[in-house]
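Since the model is a prediction, treat every value here as computed from it, not as a measurement.
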Protein chains: 2
Amino acid sequence: MSATADKRRLILNAAVRVFARQGFHTCRVSDIADEAGVAYGLVYHYFPSKETILDTVFLERWNLMLATIAEAQASEAPPREQLRRIASFIVDSYRRDPDVMKVIVVEVTRAANTFGRTHVQRIMQAYEGIAQIVAQAQRAGVFRREVDALFAAQAFYGLVEQVLTQWIFSGEEIPEAEFDHVKAEIVEMICGGLGG
Amino acid sequence: MSATADKRRLILNAAVRVFARQGFHTCRVSDIADEAGVAYGLVYHYFPSKETILDTVFLERWNLMLATIAEAQASEAPPREQLRRIASFIVDSYRRDPDVMKVIVVEVTRAANTFGRTHVQRIMQAYEGIAQIVAQAQRAGVFRREVDALFAAQAFYGLVEQVLTQWIFSGEEIPEAEFDHVKAEIVEMICGGLGG
DNA sequence: CGAATGGCTGACTGACCAGTCAATCAGTAT
DNA sequence: ATACTGATTGACTGGTCAGTCAGCCATTCG
């Protein structure tokens with residue numbers, strides 16, 4: 001790993017912390033430089049613009065997510081297990097680095113006017129991957145056919161993001177046990193429903 | 001209705017359109033004035049700041065939502081019907097004025113660093129109201145007790161917001177039939193689950 | 001009619017900040 | 001030692017924009 005790549009990473013990590021703390025629109029590039037302990041101009045040596053930094057943060061993580069979905073889908077595991085793996089990836093992403101997920105959820109995933117717009121395609125890819133898992137399970141007769149597969153995927157992802165949002169707004173440290181508990185609860189809720 | 005109140009409303013409606021189109025952070029106060037066909041300074045005659053306009057937009061609609069949840073809860077209707085009424089209110093809010101809901105979802109509900117932070121309390125009130133409906137139904141034995149009530153409320157609200165987000169990002173006119181269809185699908189998904 | 005009230009106007013200001021760039025420094029090759 | 005390459009620095013610029021304010025105009029009232 002070159003020293004150059006290290007510096008770039010250093011700035012990227014600092015940016016994540018700053019974006020998470022102050023928000024993309026309200027932070028200054030100088031805040032990122034200060035947080036990284038680096039001169040202002042160096043940020044522009046490694047990134048062409050402030051926006052590009054956010055794009056990079058988002059894409060790095062989201063591509064991992066798409067890979068996870070593809071893997072789950074390709075596996076021979078039962079549908080519930082496939083969904084569990086995806087929920088697990090997202091929850092563990094938050095566990096390992098809450099700031100990255102906070103930035104993605106707050107600044108990209110719902111930003112219909114700014115970044116979200118430029119990444120819709122990629123965001124949709126995730127829903128579609130999950131929908132394919134559901135559709136496959138419906139064809140196999142293990143999930144019931146009444147619910148549209150894409151709609152079910154939205155329910156799944158919407159629930160996961162809602163849980164993250166809750167954690168983000170709480171501002172508190174989440175107890176370790178909570179993470180695994182929630183993974184199970186997500187799958188249970190989506191597959192089992194409430195009854196009635 | 002005084003002419004004064006009309007002007008205030010005029011500015012408020014224009015602001016909603018501008019926020020929805022350009023986003024709060026990227027629009028200028030002059031854009032709002034232009035959209036309303038009003039002098040720049042008049043905006044500050046009716047509102048102390050740009051932020052206050054967004055706060056007002058959010059609170060007006062959110063208070064209606066809290067009232068709807070309280071009514072549903074107070075009614076003697078079966079739990080599924082109570083949930084249907086809440087989903088119905090939100091979906092119809094979007095049907096009648098997509099821009100208002102777009103602004104709320106995009107600029108407030110997930111804005112953990114800016115507006116969301118100042119309104120967490122009120123946002124949470126909605127989840128708690130929905131959770132009470134679920135808990136009541138669980139006590140009555142019509143919903144199963146395995147799922148935590150607040151978690152179920154998050155699943156419900158998360159799904160609804162995810163559907164709105166989908167509509168917002170699509171940028172297209174939603175066919176009338178879709179609205180009622182989705183209301184039913186939301187309740188069906190939350191109560192019935194996917195099976196397996 | 002004259003004056004007072006209050007909605008209304010838009011040019012202006014002061015602060016802020018993304019992005020630039022000329023200069024310096026560190027490391028490596030010759 | 002000299003030259004070259006690329007990382008690093010931070011002062012500076014150009015443009016933007018929220019909010020102010022001094023005054024205008026329309027209506028009403030004595």
Could you give the distance from CD1 (A/Ile186) to CZ (B/Phe151), rounded to the nearest 0.5 Å? 5.0 Å

Scoring nucleotides 10-26 of chain C by protein non-hydrogen atoms under 4.0 Å (B base, S sugar-phosphate only, - none) yields BB-----SBBB------

Does B/His45 make a side-chain N or O approach to OP1 or OP2 of C/dC8 shorter than 4.0 Å? no

Does C/dC8 have its OP1 or OP2 closer than 4.0 Å to a side-chain nitrogen or oxygen of B/Lys7? yes

I would like to know whether B/Phe19 and B/Ile53 meet side-chain contact (heavy atoms from CB on, under 4.5 Å); could you show each step before the answer? CA-CA 10 Å; B/Phe19 289 160; B/Ile53 305 178; 4.1 Å; yes

Ionic contact status for B/Glu71 with B/Arg85, cut-off 4.0 Å: no

Got a salt bridge between A/Glu188 and A/Arg80, using NZ or NE/NH1/NH2 to carboxylate O under 4.0 Å? yes

I'd like to check the salt bridge (Lys or Arg N to Asp or Glu O under 4.0 Å) partners of B/Glu185; sequence neighbours left out, ordered by chain and number. none

Tell me every residue that passes salt bridge (Lys or Arg N to Asp or Glu O under 4.0 Å) with A/Lys183, counting only those two or more places apart in sequence or in another chain. A/Asp92, A/Asp180

Using a 3.5 Å cut-off and no angle test, enumerate the donor-acceptor pairs between side-chain atoms of residues 58-70 of chain B and protein atoms at least two apart in sequence or in another chain.
{"unit_1": "B/Glu60", "atom_1": "OE1", "unit_2": "B/Arg9", "atom_2": "NH2", "d": "2.7"}
{"unit_1": "B/Glu60", "atom_1": "OE2", "unit_2": "B/Arg9", "atom_2": "NH2", "d": "3.0"}
{"unit_1": "B/Arg61", "atom_1": "NH1", "unit_2": "B/Ser93", "atom_2": "OG", "d": "3.0"}
{"unit_1": "B/Trp62", "atom_1": "NE1", "unit_2": "B/Arg122", "atom_2": "O", "d": "2.9"}
{"unit_1": "B/Asn63", "atom_1": "OD1", "unit_2": "B/Arg122", "atom_2": "NE", "d": "3.0"}
{"unit_1": "B/Asn63", "atom_1": "ND2", "unit_2": "B/Leu59", "atom_2": "O", "d": "3.3"}
{"unit_1": "B/Thr68", "atom_1": "OG1", "unit_2": "B/Leu64", "atom_2": "O", "d": "2.9"}

Listed partners of A/Val16 passing side-chain contact (heavy atoms from CB on, under 4.5 Å), at least two apart: A/Val57, A/Asp99, A/Val100

Can you list, in residue-number order, the parts of residues 111-119 of chain A that come under 4.0 Å of DNA chain C, counting heavy atoms only? none

